[in-house]
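To start, the structure under review is shown below, and the notes come after it.
What's counted below: heavy atoms across the whole structure, side chains too, no hydrogens, waters or symmetry copies.
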Amino acid sequence: MLNLLRMDLYRMRRSKSVYVCLACLLAMAILCYGMIWLMGTPQGQQIMMRTGVLVEEDLEEAQTILENVDTLVMFRQTCMDGGMYSVVFGIWIMLFVCMDYQSGFIKNIMATHKNRWNYVGSKVMTAGLLNLVYLVFQLGFILLLNRLFGNMVPYAGVKSLLFYLSWVWLLTTAFAAMMILICVWTRSVAAGALVAVLMGGGLVPMALYGILNNFHAAGWMKYTVYMSIQQGAGSYTSPADLYVYAVGGVFLVLYTAVAGLVLRRQDI
């Protein structure tokens with residue numbers, strides 16, 4: 001597995017898609033931060049009023065947009081809420097895995113590495129490492145933006161940041177394992193992209209939640225990957241906040257195991 005992991009890490013560093021996806025995430029952070037600055041600060045509100053985008057009736061509501069907001073909340077709002085991060089990250093996973101099938105390189109890999117579990121394990125570990133790099137880079141970029149925008153919001157505590165990063169990394173890595181499962185099962189770029197948008201962006205989970213909630217049967221969805229990412233606590237207050245680790249760990253193992261079983265049963 002270590003040989004496969006080294007190969008995947010080398011391919012990842014050389015892949016243009018890694019940097020394109022990172023640029024998309026950073027661009028979205030700049031756009032969201034800029035919009036919040038325009039709506040939530042006196043300087044921005046003056047610009048919005050001069051251009052006619054904001055009127056006097058909306059000014060009072062706009063002035064409350066930054067209440068109870070710190071850098072951790074900004075990180076969640078600009079990157080995680082709504083699933084933008086999962087969509088972009090999922091699309092990269094799809095490109096990375098499906099390229100093996102499209103190029104025919106998967107045959108060479110399987111000819112050299114008979115144990116197909118090693119292939120899945122290597123892909124999951126590569127995704128986890130890139131996920132960590134993306135998340136840390138994104139958070140650092142949010143802190144930099146806050147500095148450039150004149151410390152628009154207070155800085156969150158280090159303990160809260162580490163707690164949040166640890167569980168959101170585990171959950172988004174579990175999402176990456178699901179994407180790997182879809183890609184090795186379907187071998188389809190279109191299917192992988194569709195799942196990344198529908199599941200990562202929350203279209204399917206939120207639609208299902210809306211339907212089940214009408215019948216008071218949506219409580220279990222709190223323990224899905226998407227809903228856990230959206231609703232997980234930003235800081236540790238009680239043992240109940242730790243459920244996100246259990247959700248991430250269970251789904252990570254489950255998706256990885258199923259992907260390995262699917263790959264073992266396939267003809268390459």
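Remark: Trp167 pairs with no residue by the side-chain hydrogen bond (donor to acceptor under 3.5 Å, both in side chains) rule, at least two apart or across chains. Here Asp70 pairs with nothing under the salt bridge (Lys or Arg N to Asp or Glu O under 4.0 Å) rule; sequence neighbours left out. With sequence neighbours left out, Val136 forms a side-chain contact (heavy atoms from CB on, under 4.5 Å) with Leu132. Legend: residues meeting side-chain contact (heavy atoms from CB on, under 4.5 Å) with Ile91, ordered by chain and number and at least two apart, are Val87, Met94, Leu95, Ala196.
Through side-chain heavy atoms spaced under 4.5 Å, either directly or across other Ile, Leu, Val, Met, Phe, Trp or Tyr residues, Trp117 is tied to Leu261. The hydrophobic cluster around Phe215 extends to Ile211, counting ILVMFWY residues whose side-chain heavy atoms fall within less than 4.5 Å of a member.
Sorted by first and then second residue, the ring-ring contact (aromatic ring centres under 6.0 Å, His included) pairs involving residues 8-35 (not counting sequence neighbours) are Tyr33-Phe149. For residues 74-87, every residue pair satisfying the side-chain hydrogen bond (donor to acceptor under 3.5 Å, both in side chains) rule, not counting sequence neighbours, is listed here: Tyr85-Asn131. Within the structure, no pair that satisfies the ring-ring contact (aromatic ring centres under 6.0 Å, His included) test touches residues 170-214, not counting sequence neighbours. Residue pairs meeting the side-chain hydrogen bond (donor to acceptor under 3.5 Å, both in side chains) criterion with at least one partner in residues 229-247, sequence neighbours excluded, are Ser166-Tyr245, Thr237-Asp241. Within the structure, salt bridge (Lys or Arg N to Asp or Glu O under 4.0 Å) pairs that include any residue of residues 121-149 comprise Asp8-Lys123, Asp100-Lys123 (at least two apart or interchain).
Separating the OG atom in Ser122 from the CE atom in Met7 is a distance of 6.5 Å, to the nearest 0.5 Å.
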Result block: side-chain N/O donor-acceptor pairs under 3.5 angstrom for residues 217-226, not counting sequence neighbours:
unit_1, atom_1, unit_2, atom_2, d
Trp220, NE1, Ala217, O, 3.1
Thr224, OG1, Met221, O, 2.7

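Atom CE of Met84 is surrounded by more than 12 heavy atoms from other residues, nucleotides or ligands within 6.0 Å. Heavy-atom contacts from other residues, nucleotides or ligands closer than 6.0 Å to CG of Asn214 number more than 12.
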